[in-house]
Amino acid sequence: PIEWPEDYELATLFIRGEASDYITKTDIEDIRSRIQGAKIITIAQAGHWVHADQPRLLIAHVLDWLSK
């Protein structure tokens, strides 16, 4: 299991590939309950290596996140 910090309040972006099991549905629930500023994006047609499978979508989401 992934160990998350408790009471983490900074805005945090999580990007996961839909074909990856690294961040599970249970992990998503845990992230949302522990990290108030969490945003979780799932990128279609990507596995664990989102940067290799969908580089343009990954860059678009990161740039959007950073622009806010």
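Every value quoted in this text rests on a predicted model; they were computed, and no experiment measured them. Here, residue 1 is the first one in the sequence, and each next residue gets the next number.
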Would a hydrophobic clustering, with Ile, Leu, Val, Met, Phe, Trp and Tyr connected at side-chain separations under 4.5 Å, put Leu63 with Ile43? no

According to a hydrophobic-cluster definition based on side-chain heavy atoms being under 4.5 Å apart (Ile, Leu, Val, Met, Phe, Trp, Tyr only), do Val62 and Ile59 belong together? no

List in chain and number order the residues that pass side-chain hydrogen bond (donor to acceptor under 3.5 Å, both in side chains) with Asp64, two or more places apart in sequence or in another chain; answer none if no residue qualifies. Lys68

Does Asp27 offer a backbone N or O that forms a donor-acceptor pair with the side chain of Asp30 under 3.5 Å? no

dist Lys39:NZ -> Ile31:CD1 (nearest 0.5 Å) comes out at 14.5 Å

So for atom CH2, which belongs to Trp49, do other residues, nucleotides or ligands contribute more than 12 heavy atoms lying within a distance under 6.0 Å? no

Listing request: all side chain to side chain donor-acceptor pair (under 3.5 Å) pairs with a residue in residues 53-62, at least two apart in sequence or in separate chains. none

Using the side chain to side chain contact (heavy atoms under 4.5 Å, CB included) definition, which of the options Ile41, Asp21, Ile23 pairs with Arg16? Ile23

Taking a hydrophobic cluster as the set of Ile, Leu, Val, Met, Phe, Trp and Tyr residues connected by side-chain heavy atoms closer than 4.5 Å, whether directly or through intermediates, do Leu57 and Leu66 fall within one such cluster? yes

Cluster check Leu13, Ile35: I/L/V/M/F/W/Y, side chain < 4.5 angstrom: no

Are Phe14 and Leu10 grouped together when hydrophobic residues (ILVMFWY) are joined by side-chain heavy atoms under 4.5 angstrom apart? yes

Kindly check if the number of other-residue, nucleotide or ligand heavy atoms within 6.0 Å of CD (Gln45) is above 12? no

